[in-house]
Novice: 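I am attaching a structure below and will ask some questions about it afterwards.
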Amino acid sequence: MIHHHPSDELLLAYAAGAADEALSLIVATHMSYCAICRLRGKKLDSLGGALLQELPPAPLGEGALDNVLALLDQVEPYERPRRAASRDGTPAPLRAYIGGDLSAVRWRKMGPRLSYAPLFRRGNVTARLLKGVPGADSGAHSHHGSEFTVVLQGGFTDVTGSYGPGDLQMMEDGMSHNVVADPGEDCINLAVTTGPLKFESLLQRIAAPLFGF
Ligand SMILES: [Zn+2]
């Protein structure tokens with residue numbers, strides 16, 4: 001059960017093709033878990049197309065919006081054709097970056113309880129996988145820029161709530177949190193940051209740049 005979805009703004013940017021590569025990966029990964037957002041995305045996409053194609057350039061007549069909404073009610077949710085099936089349920093958009101399933105990821109240690117695997121960096125934007133054993137915590141930190149996280153396995157809890165597989169968290173510039181992996185299996189997340197993290201502990205402030213955080 002998914003509890004945390006992308007904002008309308010983020011979904012609209014994705015549906016319009018206006019999201020950058022990293023945010024597209026975040027939304028596409030969430031959507032591979034979330035039938036609700038696949039439908040929302042399709043409707044937003046159709047809304048844009050319908051507005052362009054169906055409506056006169058002159059001021060909208062009475063009922064124009066009703067006409068568009070009626071069109072949307074006829075839209076069937078689109079299921080993207082699946083490529084070679086993942087053996088462990090790794091979302092297809094992510095497999096392209098990993099080069100296979102999550103089980104194939106070569107993790108780099110950041111201490112005894114946390115590991116990471118870089119996916120790509122574009123300017124200030126970084127996409128990476130993070131893994132924590134149950135009970136592991138990220139250390140209290142805030143952000144220069146935003147942080148987008150999609151849970152792939154296990155779950156985590158912080159001051160904003162609890163997140164399980166498919167849930168999407170957005171932390172905005174200046175928001176502070178300490179992420180703790182839930183009990184059970186290892187927590188694996190896809191994380192995109194648009195700027196470096198700001199850790200509160202001195203040790204982490206020194207170590208973070210060494211790991212590219
Ligand atoms: Zn959703």
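We count ligands from 1, going down the list as the structure has it; atoms in each ligand are counted the same way.
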Novice: Need the atom name: nearest N/O/S atom of His5 to the Zn ion (ligand 1).
Specialist: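 Distance check against the Zn ion (ligand 1) picks out ND1 in His5.
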Novice: Take Asp101 and Ser103 through the side-chain hydrogen bond (donor to acceptor under 3.5 Å, both in side chains) test and state the conclusion after the steps.
Specialist: CA-CA 5 Å; Asp101 284 346; Ser103 51; 4.6 Å; no
Novice: Is the distance between the Zn ion (ligand 1) and the nearest N/O/S atom of His4 smaller than 2.8 Å?
Specialist: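 No, since none of the N, O or S atoms of His4 sits under 2.8 Å from the Zn ion (ligand 1).
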Novice: Just to confirm my numbers, could you give the angle made at the Zn ion (ligand 1) by SG of Cys34 and NE2 of His30, rounded to 10°?
Specialist: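 SG of Cys34, the Zn ion (ligand 1) and NE2 of His30 span an angle of about 110°.
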Novice: Side chains of Asn189 and Gln169: donor-acceptor distance under 3.5 Å anywhere?
Specialist: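 No, no side-chain donor-acceptor pair sits under 3.5 Å.
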Novice: List for me each residue that meets side chain to side chain donor-acceptor pair (under 3.5 Å) alongside His4, sequence neighbours excluded, and say none if there are none.
Specialist: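 None.
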Novice: For Arg122, does the CZ atom sit with more than 12 other heavy atoms under 6.0 Å from it, leaving out its own atoms?
Specialist: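 For Arg122, atom CZ is crowded (more than 12 foreign heavy atoms under 6.0 Å).
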